[in-house]
Amino acid sequence: MIQLHNVSLRIGSLQILDNVSLSLEKGKVGAILGPSGAGKSTILKLILGLWQPDEGCVTIDGLDICHLPENELLPIRRKMGMIFQGNALFDSLNVRENVGYFLYEEKKLSEKEIADKVAEVLAFLNLFNIEHMYPDELSGGMKKRVAIARALVFNPEIILYDEPTAGLDPINSKSIRDLIKRVQAKNKATSIVVTHIMNDAIELGNQITLLQEGKIIENGSVRDILNSEHEFVKDFFYEIFKDAEILKKNT
Ligand SMILES: Nc1ncnc2c1ncn2[C@@H]1O[C@H](COP(=O)(O)OP(=O)(O)O)[C@@H](O)[C@H]1O
Ligand SMILES: [Mg+2]
């Protein structure tokens, strides 16, 4: 279970997060939806323990991770797979080396064991014959898949996706959403999908949190959000109301 308890964070004079409380049960997908600059990526950094809040705390399965020394944070972070918005692949490493990067770093497994593990994850993601390719040689959709593969090699209990479909065309976006659902069905991880795209939140989230200027303005099921009377929510979902198909399928 991932929880933020009354979390506030300022950078300089800017209030990045303002009294944010959030709770996501084990095995569920939480979508955090909001416009650019709302503080979505900041929430992921706090969950990863990369940043500490000024007030409040973040707990993972009840453990407060905001006051832990780095050496105690590492095993917790090891349970998390993060897919960065820009993928954060290493350009000078091929796909196998990228996907196996943290396994090579850890030096617990042999070359052969790592290669097998990488091949297994790539096969699950329907990525074949690309192990020797470099990120530059891959399309945007493929890079995203490789970034997801790298997050999956540790069989993470928590998966954090930062804007997984940003910059992808509609077909690739759909294929990444389908992939995330497949990963979820297999791994049963507790996952957070941060997005400014309504389709992503509605299709993927068991729970949707709307964030605006560092504040949570709505939190609930797709139906709860759609029924919200909040002006911002109405504006945000205007496109969805027009599209009865999506509503029928997912509420
Ligand atoms: N390292 C930083 N230094 C100063 N301001 C930052 C930093 N990172 C993020 N911000 C500011 O915090 C706010 C929230 O950022 P972010 O969490 O990245 O938003 P989102 O992911 O929703 O687009 C923005 O106003 C952004 O400019
Ligand atoms: Mg962001």
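The figures that follow rest on heavy atoms only: side chains count, while hydrogens, waters and symmetry mates do not. Index from 1, following the sequence. Remember, it's 1-based here, ligands and their atoms both numbered in the order they're listed.
Taking a distance limit of 4.0 Å, we find that atom 26 (C) of ligand 1 is approached by no protein heavy atom. Atom 23 (O) of ligand 1 is flagged as protein-proximal [any protein heavy atom, distance under 4.0 Å].
Regarding atom 10 (N) of ligand 1, its nearest protein heavy-atom neighbour is Ile16 CD1, 4.1 Å. The protein heavy atom nearest to atom 14 (C) of ligand 1 is Gly37 O, 3.4 Å. Among all non-hydrogen protein atoms, the one lying nearest atom 18 (O) of ligand 1 is Ser41 CB, 3.8 Å. The nearest heavy-atom contact from the protein to atom 8 (N) of ligand 1 is Trp51 CH2, 3.6 Å.
Considering backbone and side-chain atoms together, Gly39 places an N or O closer than 3.5 Å to an N or O of ligand 1.
Put simply, the side chain of Lys107 never gets that close to the backbone of Tyr104: no donor and acceptor are under 3.5 Å apart.
Between Arg182 and Asp178 there is no salt bridge, since no side-chain nitrogen of the basic residue lies less than 4.0 Å from a carboxylate oxygen of the acidic one. At a threshold of 4.0 Å, the pair Arg78-Glu157 does not count as salt-bridged, since none of the basic side-chain nitrogens sits closer than that to a carboxylate oxygen. With respect to the salt-bridge test (charged N to carboxylate O, under 4.0 angstrom), the residues Asp61 and Lys26 qualify. A salt bridge links Lys108 with Glu106: the distance from a Lys NZ or Arg NE/NH1/NH2 to an Asp or Glu carboxylate oxygen falls below 4.0 Å.
Close contacts between ligand 1 and Pro35 involve ligand atoms 22 (O) [criterion: under 4.0 Å to a heavy atom].
In terms of hydrophobic clustering, with Ile, Leu, Val, Met, Phe, Trp and Tyr side chains grouped at heavy-atom distances under 4.5 Å, Ile192 and Phe154 are assigned to different clusters.
With rounding to the nearest 0.5 angstrom, the CD1 atom of Ile2 is 7.0 Å from the CE atom of Met80.
With a cut-off of 2.8 Å, the Mg ion (ligand 2) has an N, O or S atom of Ser41 in range.
The nearest non-hydrogen atom to atom 17 (O) of ligand 1, considering only Leu46, Val194, Ile11, Thr42, comes from Thr42.
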